[in-house]
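The block underneath contains the structure these notes are about, expressed in structure tokens.
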Amino acid sequence: MALEAKYSSKNVEDKWYSYWLEHNYFHSEVDERTPYTIVIPPPNVTGVLHMGHMLNNTLQDVLIRRARLKGFNACWVPGTDHASIATEAKVVAKLKADGIDKATLSREDFLEHAWEWTHKHGGIILEQLKKLGASCDWERTKFTMDDDMSASVIKVFVDLYEKGNIYRGYRMVNWDPEAKTTLSDEEVIYEEKQGNLYYLEYKIEGSDDVLTIATTRPETILGDSAICINPNDERFQHLKGKKAIVPICNRVIPIIEDEYVDIEFGTGCLKVTPAHDENDKALGEKHNLEVIDILNDDASLNSFGMHYQGKDRFVVRKEIVKELQGMGVVSKIETHMHKVGTSERTGAVIEPKLSDQWFLKMKELAQPALDAVLEKDVKLVPEKFINTYRHWMENVRDWNISRQLWWGQQIPAYFYGDGKEDFVVAETLDAAVVKAQEKTGNKALTASDLKQDPDALDTWFSSWLWPISVFNGILEPDNDEVNYYYPTNDLVTAPEILFFWVARMIIAGYEYRGEKPFTNVYLTGIVRDKQRRKMSKSLGNSPDPIDLIGQYGADGVRVGMLLSSPAGNDLMFEEDLCKQGSGFVNKIWNAYRLIDGWEVSAEKEETETAAIAIKWYKSKFQKTLVELEDHYGKYRISDALMATYKLIWDDFCSWFLEMVKPGYQEPISEKTFKQIIAILEDNLKVLHPFVPFISEEIWQHITDRTPEEALIIAKWPASEAYDTQLISDFEFASEVISGIRTIRKEKNISFKDEISLSVLNNDNAPTSFDAVIAKLGNISEINYITEALEGALTFRVKSNEYFVPISGTINVEEEIEKLSAELKYTEGFLKSVQGKLKNERFVNSAPEKVVAIERQKEADALSKIEMIKTSLASLK
RNA sequence: GGGCGAUUAGCUCAGCUGGUUCAGAGCACUUGGUUUACACCCAAGGGGUCGGGGGUUCGAACCCCUCAUCGCCCACCA
């Protein structure tokens, strides 16, 4: 049955994905083979596939499929992340839409809603990955809130607490007033914003003097507890030891001195608000100042806000300025650019806030993880990220791991009293009771006396264990699975989460396995649109990957993504690339259609052309195999694809198939055909990681295969020595063919008209491809001659001259002009080469090899000039 | 404010140890083609003082200095 001229991906892709699943090829179990493991960067459980995932997972699938073909026990562990803030925010919004306020719900009820939401929307993204062809071991699918995963998190928390790495601290934290939770420093995004710098006058107690301070947040004056000046500031010597009066609330506050104050900035006077600024807090502690917190959790003012109580800080900012202006204490308002911290998740402006939170000490834990990367035990690709990584790890700050959320692992700290230290940390309530009894000496304490800390842990506190916990290596550190699969091989992820996730996994790896979690970290680029904007749902500039797959096929989209994705560089995604991808897929399809349509004859002999073509292609293939090895080894996946692309499109389709193609309506020799099929099969193997579907389709179409013979589990082509001479001889021959084509075109000689070719064999032109030249150039005969042929069209390849005798078609003047131009160019070239060789310093200092090359160039140019001159003479 | 990186063809990017991979690839573009797989095709062609300037060297896209522009990361300037 004839195959369709246009490849249609739809049915083919579903068919083979089901087939692969049915035969369990993606599943990995511990065996005697060497493992090759990748753990997926778990996407948000309720998320949908975006272009970033697409890139990421295509790369992982390429790596895993190639490893599978190379005979490794390939294991790609999929899963999702509970994404506490993002998911909780979605659930809260959904409840709100249903008229339910989270505050009215109990923790249990809320979690029930959250789970319901998770089950409803969860896992969509994993289904989408299947469309892409991702060959994950779905039996191993994990969720960061699975029971065992959560148990691992709790165990680690307790362990780190007992080792003294986790502490509870009253600290200035980043407060997200929208989500009403703290954020880690990494979750705060600083944006340059236009604000105002307000100059406010404070009265000096017991005098009519005023001093002026500058602030960007005038509402915080209600929380002021001092004014600070630089002791070296000449202007303010008279203020030392005095007191100032805060406008509106009339609080009397001391004027303190500290060299921290920048004399140059603003007025040189600084108001100190310890509750709402990190630096002020430090000053406050140093000078023993009162801490006045004026904000509620939703960033409205509390009772310290007096008549502003209950109003949002930004509303108050406007109103208080008016009031202050009315009092005549605003001396100046300047516009001022400053950085404002916003929440990564909700976009709300962050307020620094003092509160009790849980922290993980990082300095010590980070050390082995830093060393691992610096010593390249863990390799970052591209290497430029090493510096960024080092900088971060050397200046790592303690990690705020508590979140005022319910969706996540609840912190296993149990309070038995109101005191700051009245708590114990334990894996279970029962264990907590025992510990509490021991700690207090009160044997009468029961479970009902204990109250668990309501906060949940930061999501990253579960995902940092991912490479270990997916193999249950926390709960059972010595199990066969983790011992076999860990450390994993490659991690493919976005550079944005190098600190959030990658660095912390390395830390956890050393802390809990004494070993790195992965050997290589491949950091992909950020997918951007043509205007260099990051592709995101909110901007609406991201195409839906599933639509793209529908349009171009998964294979086409995979190729499109990979065509332009050098590691670590951002990639400008254009839909045209997918078009190119599906074009490539179609090309492969049609190459197969050609072969598939041939009539095979056992009687027919192998032609000379076919014999040399097969030998040549095998060499070319082997050479490409070596290049592929190099590219893959350096994670240059797009280069690997491009090398494969050229091998198939140029070498296989444009050259090889043209060479072996039988004549019109002629059968092909069975011997040749068998070899072509073997070559095609090898091609399919190297293509498979990039275009898994069409490669399997063709593979299975060639002949009936048992499930054990599927392409997905075939053996990567074996490396063999290859003939470089043959490859360069072919390149020579291809130039000859191109010369013939040029002449045909220039003289309008149809391909159907046979012509003859004569070679002035100055340079021992290789003859191995003469049959090919004859076939592809439609040459009746090739003659080797010792004297120039008169009255013929000529062209040159290296220093051989070729003649095509065409009577009556030669325009002598045109030929002379052409030759003269070539002569002039060659003479100029010779001059520059000789100039180099005359330079003694070049000859003396350059390596011998380089000089020899120049001498060869000189000799070639000389003989070429001689030849052109002869031709010219004969024409005249 | 500190650090890292980039700047090469219209676009996206290679260019590894300074010299045969040295000015390249893919796409786009122009021109010409219904030769028995593919117009998602075939062939040919145009296009770049390698961001500017200076230096080192026999020799620089590559090393050094400097300027410019862009990007990223980190950081508490009110």
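Chain letters run A, B, ... following the sequence lines, proteins first and then strands; every chain starts at 1.
Side-chain contact between Y592(A) and E697(A) is absent, with no heavy atoms from C-beta onward closer than 4.5 Å.
Between the side chains of N196(A) and Y198(A), at least one donor N or O lies within less than 3.5 Å of an accepting N or O. With 3.5 Å as the limit, one finds no donor-acceptor pair spanning the side chains of K604(A) and T672(A). Counting only N and O atoms by type, the side chains of N590(A) and R593(A) include a donor and acceptor under 3.5 Å apart.
Consecutive Watson-Crick or G-U pairs involving RNA chain B, each under 3.5 Å on both distances, make up stems of three or more pairs at B:1-7 with B:68-74, B:10-13 with B:24-27, B:29-33 with B:41-45, B:51-55 with B:63-67.
For the C1' atoms, the distance from C72(B) to G33(B) is 49 Å, rounded to whole Å. Across the P atoms, C62(B) and G46(B) are found 27 Å apart, a figure rounded to whole Å. Nucleotides A23(B) and C64(B), compared at atom P, are 23 Å apart to the nearest Å. Rounded to whole Å, the separation between the P atoms of U31(B) and U21(B) comes to 37 Å. Look at the C1' atom in both G3(B) and U17(B): the space between them is 28 Å, to the nearest Å. Taking atom P in both G32(B) and G59(B), the straight-line distance is 47 Å, to the nearest Å. With P as the reference atom, U7(B) and G15(B) are 10 Å apart, rounded to whole Å.
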Please tabulate, one pair per line, all N/O donor-acceptor pairs under 3.5 Å involving side-chain atoms of residues 646-653 of chain A, not counting sequence neighbours.
none

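Among A78(B), C4(B), A44(B), the nucleotide with an atom closest to any side-chain atom of L270(A) is A78(B).
Between the CG atom of L562(A) and the P atom of C13(B) there is a distance of 15 Å, given to the nearest Å. We find that CZ of R855(A) is positioned 17 Å from C1' of U20(B), with the value rounded to whole Å. C76(B) atom P lies 13 Å from atom CZ of R171(A), rounded to whole Å.
Contacts of S582(A) with the nucleic acid, taken as non-hydrogen atoms under 4.0 Å apart, include base atoms. Heavy atoms of R636(A) sit under 4.0 angstrom from primed sugar atoms or phosphate atoms, though from no base atom. Nucleic acid contact for R744(A): none, since no nucleic acid atom lies under 4.0 Å from a heavy atom of the residue. Note on Y260(A): a base of the nucleic acid sits closer than 4.0 angstrom, heavy atoms only.
Taking Y199(A) as the reference, nothing meets the ring-ring contact (aromatic ring centres under 6.0 Å, His included) condition, with sequence neighbours excluded. Among residues two or more places apart in sequence or in another chain, the ring-ring contact (aromatic ring centres under 6.0 Å, His included) test is passed with W399(A) by F461(A), W464(A).
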With the sugar-phosphate defined as primed atoms, P, OP1 and OP2, and the base as all remaining atoms, what B/S/- string results for nucleotides 26-38 of chain B, 5' to 3', for protein heavy atoms under 4.0 Å?
-> SS-------BBBB
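Between D277(A) and K281(A) no salt bridge is recorded (no basic side-chain N to carboxylate O distance below 4.0 Å). A salt bridge links D398(A) with R171(A): at least one charged nitrogen is closer than 4.0 Å to a carboxylate oxygen. For R217(A) and E219(A), the salt-bridge test fails: no basic side-chain N is under 4.0 Å from an acidic carboxylate O.
Mapped onto RNA chain B by nearest heavy atom, D630(A) and Y7(A) fall at different nucleotides, with D630(A) at the one closer to the 5' end.
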Verdict with supporting geometry, T220(A) and K271(A), side chain to side chain donor-acceptor pair (under 3.5 Å) | CA-CA 9 Å; T220(A) 62; K271(A) 72 190 213 41; 2.7 Å; yes
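Side-chain rings of W655(A) and Y617(A) stay apart, their centers remaining 6.0 Å or farther from each other.
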Using nucleotides 58-62 of chain B, report all nitrogen or oxygen pairs with the protein that are shorter than 3.5 Å.
residue: C58(B); atom: O2'; partner: N839(A); partner atom: ND2; Å: 3.1

